[in-house]
Amino acid sequence: MELITTVFIAKAIIVGVVFAITLGVAAYSTYFERKIAAFMQDRIGPDRAGPFGILQPLADAVKMFMKEDFIPANSNKWLFIAGPCLSMLTALMTSAVVPFGDSVTIGGATFDLQGIDVNIGILWVFGIVSLGVYGIMIGGWASNNKFALLGAIRAASQNISYELAMGMAIITILMITGSLSTKEIVEVQQNGHWNIFYQPLGFIIFIICAFAECNRTPFDLPECETELIGGYHTEYSSMKLGFYLFAEYINMFISGAVMATLYFGGYDYPGVDFVTQQFGSNVASFVGVGALIGKSLGFVFVFMWVRWTIPRFRYDQLMNLGWTGLIPLAMYNVVVTGFGILVGKPFMVSIAGLVLLIAALFVYDQLLVKKKIA
Amino acid sequence: MEISNIWYFLSALTLLSALMVIMSKNPIHSVLYLVFTFFCISAHYVLLNAQFLMAVNIIVYAGAIMVLFLFVIMMFDLKKNIPESKSSLTKLAGSVVAGTLLVILIAIVRKNNIPAPLGDKFNSQTGMVENLGQVLYGEFLLPFELVSILFFVAMVGAVLLGKREAGERNF
């Protein structure tokens, strides 16, 4: 009984800290998004609240809470409220299986810096991601507004389409690792054997799908303002709108953490052994937590960078890319990875597969161009 | 807390939400209650230590199939398409059939004394991914592959049905 309570308290602390970090990062993502946008467009950005405007997220939060909370007359009231709640819930649940660090020993007891280490870890992520669409769909439908409904339906079809390619990209990781547990996936990648070297194509597919799943530009069609006013959150105001936007930033951070876990070695960083020898394993673990969060923030930056670089796709282009582009590519990647494992040289074969693919695309393009001229 | 208490609570919740699926007037509410029912069933799988089934149940049913259900129902104009209430004779016939089925099912369960798995013979790791994979790709390889062929045929059929014919424009 004693052991159970200790484990329970340790897990509660870990969950609380992860929760706090996620919310803090999401709040400051809004600030950095505006700062990065300003930098790319040669503006200054928010600089009024506090030095360099670092209190801007607080000001935004106060503004969001103080605004009138409006519920449209013909909307379905309960579902209208449930929409943003579900969005936040599903956004926060994914981080439960992300291993934030190696184990830490305090007072003779060892704790893993992870919410839950289940042997279906990556399936949990996949399941929660597939539930993420409910918040948007319910909110969009309950608004009783055509544009909100169209946005919600776009979001649902987009998420379902890109989930397939995402799952296929994850399969190759499972083939290399031989386990569904996120902890084991990270442990296989220790000492620089990051999956990105073995799975460059898989990573490209996964990051494109992550963009689509987070509804970020260039795939932010559910809230495409030139066609749909505000998309699924047209009717939302005050903190309910805030929750939808907040959920998007949380999703960005968590998908960054998942990508770091699957492809960039999780909490691995160069010089683990050196830090362990100099300062002990606990310090090394905490530096690892920093490394993972740093990698996730790097991905958040990539999300923002892409947002201000690439224009939005058209809807049929989006569906074409998902169904006729990414899914065949992911299948090709599965075959190449399987061949690599069979031969026993996964690294060589994956690079050869990528080169072969680019060559084939180039030749195809050349033939097509000649046909057009003739 | 006793594990059996959790089981009673979950079962009550499952039955309640399943009842709400057929009793709520709004089809969207029905779909959402059905999703909740699937979650309760997934929780039952966790109690049975079958985590893989739980994850797959959520991904396939709650995450994909029910989203498509919701999708289709949202496209309806609910005010026009509410089915008319059946006559009381139909309702009576329905209740009689359902009640008979319930009695038969209970009778079957009571007649066949289904043996409880013995404590020492029962392997708690049966539901884990590794063991499930061993069984599926060993003992039940042929049925498993046949099911995948069935899915493939269904998928090809769906693609064929959804294919745009020459000259047809959808938007």
Side-chain angles (χ1 to χ4, degrees), chain A residues 74 76 78-79 82-83 86 90 93 97 116-138 140-144 146 148-150 152-161 163-164 166-167 170 174 178-181 232 314-316 319 323-324 327, chain B residues 1 24-36 38-39 42-43 45-46 49-79 124-125 127-133 152 155 158-159 162-164 169-171:
Chain A
N74 278 327
N76 189 319
W78 286 109
L79 291 184
L86 278 175
T90 48
M93 269 164 81
V97 292
I116 40 170
D117 181 21
V118 280
N119 71 352
I120 51 155
I122 201 65
L123 283 181
W124 169 273
V125 174
F126 204 60
I128 302 299
V129 165
S130 66
L131 294 178
V133 68
Y134 277 109
I136 292 174
M137 278 195 93
I138 291 172
W141 180 80
S143 306
N144 197 22
K146 278 185 192 126
L149 180 62
L150 276 176
I153 284 173
R154 274 188 176 189
S157 41
Q158 173 181 330
N159 279 21
I160 292 176
S161 307
E163 252 164 42
L164 295 173
M166 195 181 203
I170 291 176
L174 303 182
S179 171
L180 290 168
S181 156
Y232 59 89
R314 215 171 57 211
Y315 197 68
D316 58 324
M319 282 295 160
W323 288 97
T324 63
I327 292 179
Chain B
M1 193 177 0
S24 53
K25 296 253 191 261
N26 189 332
I28 299 271
H29 290 178
S30 289
V31 172
L32 294 178
Y33 278 119
L34 192 54
V35 173
F36 189 71
F38 283 131
F39 273 101
S42 290
Y45 287 140
V46 175
N49 213 7
Q51 298 169 357
F52 182 73
L53 265 185
M54 164 262 194
V56 168
N57 191 37
I58 287 183
I59 293 171
V60 174
Y61 284 95
I65 294 180
M66 293 325 288
V67 172
L68 291 178
F69 263 62
L70 208 58
F71 206 87
V72 172
I73 289 175
M74 280 178 180
M75 294 292 219
F76 284 148
D77 189 353
L78 292 178
K79 289 186 187 86
S124 66
Q125 300 299 309
M128 293 296 162
V129 191
E130 294 85 2
N131 298 321
L132 202 65
F152 184 67
M155 208 163 73
V159 170
K163 212 176 163 196
R164 198 179 303 162
R169 277 186 70 88
N170 290 328
F171 56 88

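It should be emphasised that the depicted structure is a prediction, and the values quoted were computed from it without experimental measurement. Within every chain, numbering begins at 1; the chains are lettered A, B, ... in the order of the sequence lines, protein sequences first and strands thereafter.
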Exercise for the section: Check whether B/Met66 gets within reach of chain A through its side chain, its backbone, both or neither, counting any heavy atom under 4.5 Å. Expected result: both

Handout entry: Residue part contacting chain A, namely of B/Val60, when any heavy atom lies under 4.5 Å
Key = neither

Handout entry: Side-chain heavy-atom pair A/Val133, B/Leu70 within 4.5 angstrom cut-off
Key = no

Handout entry: Side-chain heavy atoms of A/Asn159 within contact of B/Val67, under 4.5 Å
Key = no

Rounded distance (nearest 0.5 Å) linking atom [atom1] of [X] with atom [atom2] of [Y]:
X: A/Met137; Y: B/Ile28; atom1: CE; atom2: CD1; value: 8.0 Å
X: B/Leu32; Y: A/Trp78; atom1: CG; atom2: CH2; value: 14.5 Å
X: B/Met74; Y: A/Leu150; atom1: CE; atom2: CG; value: 12.0 Å
X: B/Met128; Y: A/Leu180; atom1: CE; atom2: CG; value: 11.5 Å

Exercise for the section: Write down the atom of B/Ile59, the atom of A/Gly127, and the distance for their closest heavy-atom approach. Expected result: CG1-CA, 3.4 Å

Exercise for the section: May I ask you to check whether over 12 heavy atoms, not counting those of B/Phe71, lie within 6.0 Å of atom CZ? Expected result: yes

Practice task
Only one of B/Val129, B/Val56, B/Leu53 passes side chain to side chain contact (heavy atoms under 4.5 Å, CB included) with A/Ile120; say which it is.
Solution key: B/Val129

Handout entry: Derivation and outcome, side chain to side chain contact (heavy atoms under 4.5 Å, CB included), residues A/Leu131 and B/Phe39
Key = CA-CA 11 Å; A/Leu131 294 178; B/Phe39 273 101; 3.3 Å; yes

Problem - B/Ala62 backbone acceptor or donor facing A/Tyr134 side chain under 3.5 Å - result: yes

Problem - Intermediate values then yes/no, side chain to side chain contact (heavy atoms under 4.5 Å, CB included), A/Leu79 and B/His29 - result: CA-CA 9 Å; A/Leu79 291 184; B/His29 290 178; 3.8 Å; yes

